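As structure tokens, the structure follows; a few thoughts come after it.
Below, each value reflects all heavy atoms present in this structure, side chains not excepted, and no hydrogens, waters or symmetry copies. Every value quoted in this text rests on a predicted model; they were computed, and no experiment measured them. Proteins get letters first, then strands, A, B, ... in listed order; numbering begins at 1 in each.
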Amino acid sequence: DALGAGLDDDAWDDLEAALIQADTGVGTATAVVSEVRAEARAAGVTDVDGIRTLMAQRLLARFAADAPRALTIGPPPSVWLVVGVNGTGKTTTIGKIAADQAARGRRVVMAAADTFRAAADEQLEAWARRAGAELVKHRPGADPGAVAFDALAHARARGHDLLIVDTAGRLHTKVPLMDELAKIRRVVEKEGRVDEVLLVLDATAGQNGLAQARSFAAATGVTGVVLTKLDGTAKGGIAVAVEQELGIPIKLIGVGEGLGDLEPFEPRRFVEALLG
Amino acid sequence: SLSSRFDDIFTRLRNRGRLSDKQVDEVLREIRLALLEADVSLRVVKAFVADVRERAQGAEIHKSLSPAQQVIKIVNEALIGVLGGEAKGLVPVDAPPRVILMAGLQGSGKTTAAAKLAKHLRGKGRRPLLAACDLRRPAATSQLQLLGEQAGVPVHAEPGATDAPAVARRALEEAHAENLTDVIVDTSGRMHVDPELMAELGAVARAVEPHETLLVCDAMTGQDAVNVAEAFLEEVEVTGVVLTKLDGDARGGAALSMSYVTGCPVKFAGVGEKLDDLEPFHPDRMASRILG
Ligand SMILES: Nc1nc2c(ncn2[C@@H]2O[C@H](COP(=O)(O)OP(=O)(O)OP(=O)(O)O)[C@@H](O)[C@H]2O)c(=O)[nH]1
Ligand SMILES: Nc1nc2c(ncn2[C@@H]2O[C@H](COP(=O)(O)OP(=O)(O)OP(=O)(O)O)[C@@H](O)[C@H]2O)c(=O)[nH]1
Ligand SMILES: [Mg+2]
Ligand SMILES: [Mg+2]
């Protein structure tokens, strides 16, 4: 057609390719590009900048403008559970979050409820020290629910504002491990309130990130996502599907391995970075 | 599944003695979609599909295979070829110790893979040494020491050290002194776009001249796999890929991207968190997993 004269088929393919390469998945990429083509035709937009603006708008539309992006802190001790598959950055993220909360004047305690991974407690201990938080841990191999429960009692007794529970990485396909996670939540909720269940997703993950989110949401409920390792070249486009299909808000992003490398998730900035 | 989607295409289109261009086009579209859904990087998908097109176009129809089976066979063989052909082991070495360098992004599974490899080698009667050259991550050395203990393998560790290439070199000296057969060097996870960390990796490699450099990659890695593979290949001489967390349900297309870009076979598969959970990589099984 004469309209859309600014972009030929190859150029539209390139736009779709850019989205695919950002890990949005083929479905989202195709849908966004066909929406943009239709809008460009209707509005008579033919220039490259105009098309890019439409792309940003169509991507942004997939993020709820009114989603609760702040972390929910309830009456003390508020409990936040941190979950996700292996190696996504849970333990490191807890260190960052604790430091951020301490800077807001909150007293934080961490629970080393990953009792499986070699030296997990030592790793979390290092982060607790850096963040100025306390740590509750048991012996390796202890029951994770017991660690969390014990940490809650400690938090209540010492008047901590916030308890952050670190859990072992687990593949979402492993039913006994997902059941264990659900049990950890139930154990904590006997005596306390879980105000956040943060799913830590690795931005370098492809379409499997959506499957992870779906499974963790089913097992424990997920109130927010932390998207880590955005300081690489991966764009984390799977976040679009996580928000749009599951309605789970991305709350934070990890942008490095240091204590301060944590930022609030801002849909507009994310979309701009995705489009490059 | 892909094969049932192919069957649909071929029942709809009439068959002659050869695969028609139209049949090939439709089939290639399905393959492209399947590969992208499996997280194969777009650039690799395009090159792979172009290659399959060439092989399929004008291919004779075999009497014993349906056209759908025919195309599946072509795609499968092409996939297996890129993934490294039959299962490839570690490079053999005349004068021990063999030096194996583990490299990759943060959290990909290097430390666990290093310990698994050590245990596997010990099981074959070899005498490996693990070298703790991740001097950055909190408790990395303790993690490797604990895993080494579990594997029954000694660990060269220098708590408080800050010079990774020097630690690697001293580990190699220890292996020589103790007449050990393999040195497996664990390194910190690093972003391929971090110049300082990539330079450090290069320095570690130059310090010990590995016979085998394994790029460790998480099976859930998406489109970024090509960028990672290219960047690591620029810094060190990658000789193999280890694909981890294959016990999940990620399709694992990163395997194709990584071997395509590095020109190296995937040598091992991580299939669990325990130290026994390491398998030689099976390209044929991976091919059907990727195709879905
Ligand atoms: N570059 C970068 N690295 C990160 C980020 N977040 C975490 N990491 C690194 O990723 C690796 C894994 O982090 P961990 O905190 O141990 O991950 P985990 O989810 O607790 O791992 P498991 O407990 O084994 O499941 C470490 O090397 C971290 O330093 C990030 O935002 N950017
Ligand atoms: N399920 C499963 N988990 C794995 C596998 N390989 C490693 N892991 C887990 O993945 C997480 C990260 O493993 P590490 O060995 O610490 O990864 P790494 O690459 O050394 O991490 P950094 O040193 O921080 O870059 C741990 O929880 C491991 O138990 C695997 O094949 N299957
Ligand atoms: Mg952890
Ligand atoms: Mg490691």
- Part of B:S41 within contact of chain A (heavy atom distance under 4.5 Å):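 Contact with chain A involves no heavy atom of B:S41 at all.
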- Message: For B:D247, which atoms come within 4.5 Å of any heavy atom of chain A: side chain, backbone, both, or neither?
- Response: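 Answer is both: backbone and side chain atoms of B:D247 are under 4.5 Å from chain A.
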- Query: Once you round to the nearest 0.5 Å, how far does CG of B:D218 lie from CG of A:N86?
  - Reply: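 If we round to the nearest 0.5 Å, B:D218:CG and A:N86:CG are 8.5 Å apart.
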Measure [X] against the heavy atoms of chain B and call it side chain, backbone, both or neither at under 4.5 Å.
X      : result
A:K174 : side chain
A:T92  : neither
A:Q212 : side chain

- Message: To check you understand the geometry: which heavy-atom pair defines the closest contact between B:L42 and A:A17, and what is its length?
- Response: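 The pair with the smallest heavy-atom distance is CD2-CB, 3.3 Å.
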- Item | chain A-proximal positions within residues 132-151 of chain B [heavy-atom distance under 4.5 Å] |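 So far as heavy atoms go, B:R137, B:P138, B:A139, B:S142, B:Q143, B:L146, B:L147 are the residues that approach chain A to under 4.5 Å.
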Counting heavy atoms not belonging to [X], are there more than 12 under 6.0 Å from its [atom1]?
X      : atom1 : answer
A:R130 : CZ    : yes
B:R285 : CZ    : no
B:E234 : CD    : no

- Message: Under the rule for side chain to side chain contact (heavy atoms under 4.5 Å, CB included), what residues qualify as partners of A:K229, not counting sequence neighbours?
- Response: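 Only A:D202, A:D231, B:Q106, B:M191 meet the side chain to side chain contact (heavy atoms under 4.5 Å, CB included) criterion with A:K229.
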- Message: Go through it in stages, so that I can follow the logic: the residues are B:D249 and A:T173, the test is side chain to side chain donor-acceptor pair (under 3.5 Å), and I'd like the CA-CA distance, side-chain angles, deciding distance and then a yes or no.
- Response: CA-CA 7 Å; B:D249 61 358; A:T173 47; 5.4 Å; no
- Greatest number of heavy atom pairs closer than 4.5 Å to chain B - which of A:A126, A:G237, A:A234, A:A211: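 Of the candidates given, the most pairs with chain B belong to A:A234.
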- Selection from B:G189, B:G222, B:A254, B:A231 maximising heavy-atom pairs under 4.5 Å formed with chain A: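 Top count of heavy-atom pairs under 4.5 Å with chain A: B:G222.
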- Item | Full working for side-chain contact (heavy atoms from CB on, under 4.5 Å) between B:M220 and A:T88 | CA-CA 11 Å; B:M220 68 181 184; A:T88 56; 4.0 Å; yes
- Query: Between A:T204 and B:D224, is any side-chain donor less than 3.5 angstrom from a side-chain acceptor?
  - Reply: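 Checked: A:T204/B:D224 side chains show no N/O donor-acceptor pair below 3.5 Å.
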